[in-house]
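Since the structure comes first, as structure tokens, the remarks are kept for the end.
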Number of protein chains: 2
Amino acid sequence: MTDDTAKPVRKRQARGEKRMAELLDAASEVFAAQGYAKTSTNAIAAAAGASPGTLYQFFKNKEAIADALMERYVKRLREAHGEAFDLSVAGLPLEEMLDRIIDPIVAFDRANPGYYALLSDPHLSAELASAKRPAQKLMFERLDQILEKRTPGLDAERRTRTAAVAVHLFRGLLPMIMAASEQELPAVVNETKAALRAYLASSIGN
Amino acid sequence: MTDDTAKPVRKRQARGEKRMAELLDAASEVFAAQGYAKTSTNAIAAAAGASPGTLYQFFKNKEAIADALMERYVKRLREAHGEAFDLSVAGLPLEEMLDRIIDPIVAFDRANPGYYALLSDPHLSAELASAKRPAQKLMFERLDQILEKRTPGLDAERRTRTAAVAVHLFRGLLPMIMAASEQELPAVVNETKAALRAYLASSIGN
DNA sequence: TGTTAATGCGAGTAATAGCTCGTATTTTTA
DNA sequence: TAAAAATACGAGCTATTACTCGCATTAACA
């Protein structure tokens, strides 16, 4: 059987995809300012200089906007530090490894407050689960792989739990990281690294 | 000048306060199940077996419900382990101190999912700020005092930052703590303690 | 150039939200 | 017991929501 369900062969992609990008830009801003739940789809359309009808031509519902936006965030996260967050850091001393992992993530999160807005809305979990999952997987799986390469003999269950805890520790400090001024930021980031370094050293060694 | 704006001298407190308690119980359940934003005031009233009019006789708006509920949580938190979370733990070895602090908090949070629901809704911050503040202050100030007693010579700014970071680290792990089954819980709690122990030891010594 | 399809609009719809108000009942108070 | 106050109700008001639909405009393609 041939795959005749694939690609509806969309045309007019120049104008259309530009519009989608504008709508996602607008959604990013409004989500960052008001959060997902309190953001109306009409407000997103208005912020993009479009009409509700146009918005719903590209996104079947509000959740699809969050999904697409998160997908774009994850893609950009990969691009932004694909090389820094890859497995090559596993061989570095712990302190250096954390610098290489955390600095780009902090920069990305602060540059994209809408990403934080979507990630940190725990009670829209059910609704946003499909949007959040890829982003959480990105962080967790990368770290799990790094830990595996770093300490090959480690029990898999223990390694996985360590990775999950480390990701949650970082997310716990994200509110401080996001709220910090430029002057405060270095101290907050240093404290973040100190916490993760202490935990990881105690859990899997230096 | 006399304070003639004080206390409207409410009467009928037996029936009325019982109703308020029922409404807060209902709010706690519905918030836990659906989150603050998606919970309707009519649903709270219905869950309490009351009418919307009755609800609005005791709470001037939806936010006031969250405020009152959080106030009740904080009061119960104090009662639940007022003695365990007081300054007497400051003299214990770090590991024991963490046991004494964390175990009751974990028990309370798991027994009161509505508390977690209100606390962990960062994008209702503006709206719920007044509700969340006392709960966050409770944790932070207590820990700050404990650290002060534990390491009297420590720089105040550093101590305060350490306390804030520790509270955020715990909150970062709260999703795992709340999601864990009874079987998984001990491992998750141990990992929580390990993370806090490692961080605090590296920051202020053992 | 003419047909087709993608893009665009915005008034409009059904549902639901927070909240009010007139009124009825119960309890306190005098 | 009578008046006053607190509690209770629930239909309904206004605002807002996510989303639709008929129709106009623009661009691709034969």
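Numbered from 1 within each chain, the chains take letters A, B, ... in sequence-line order.
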B/S/- along nucleotides 9-20 of chain D (protein heavy atoms under 4.0 Å) is BB------SBBB
Protein-proximity profile, nucleotides 22-30 of chain C, B/S/- by nucleotide at the 4.0 Å heavy-atom cutoff, equals ----SBS--
Applying side chain to side chain donor-acceptor pair (under 3.5 Å) to S202(A) and not counting sequence neighbours gives none
Side chain to side chain donor-acceptor pair (under 3.5 Å) partners of R110(A), counting only residues at least two apart: E182(A)
Going by the rule salt bridge (charged side-chain N to carboxylate O under 4.0 Å, His left out), which residues pair with E191(B) if we only count those two or more places apart in sequence or in a different chain? R161(A)
Sorted by chain and residue number, the salt bridge (charged side-chain N to carboxylate O under 4.0 Å, His left out) partners of D144(B) (sequence neighbours excluded) come out as R159(B)
Whole-Å gap separating [atom2] ([N]) and [atom1] ([X]):
X: F58(B); N: dC19(C); atom1: CZ; atom2: P; result: 17 Å
X: I44(B); N: dG18(C); atom1: CD1; atom2: P; result: 8 Å
X: L55(B); N: dC19(C); atom1: CG; atom2: P; result: 9 Å

Contacts of Y73(B) meeting ring pair (Phe, Tyr, Trp, His ring centres under 6.0 Å) (sequence neighbours excluded), chain-then-number -> Y115(B)
For residues 39-52 of chain B, dump all side-chain donor-acceptor pairs below 3.5 Å to protein atoms at least two apart in sequence or in another chain.
residue : atom : partner : partner atom : Å
T39(B)  : OG1  : V30(B)  : O            : 3.4
T39(B)  : OG1  : G35(B)  : O            : 2.5
S40(B)  : OG   : A43(B)  : N            : 3.0
T41(B)  : OG1  : Y56(B)  : OH           : 3.2
S51(B)  : OG   : T54(B)  : N            : 3.3
S51(B)  : OG   : T54(B)  : OG1          : 3.2

Please identify each residue that fulfils side chain to side chain contact (heavy atoms under 4.5 Å, CB included) with E22(A), with sequence neighbours left out. K18(A), R19(A)
Find the distance between CZ (R171(A)) and CG (L169(A)) and round it off to the nearest 0.5 Å. 11.5 Å
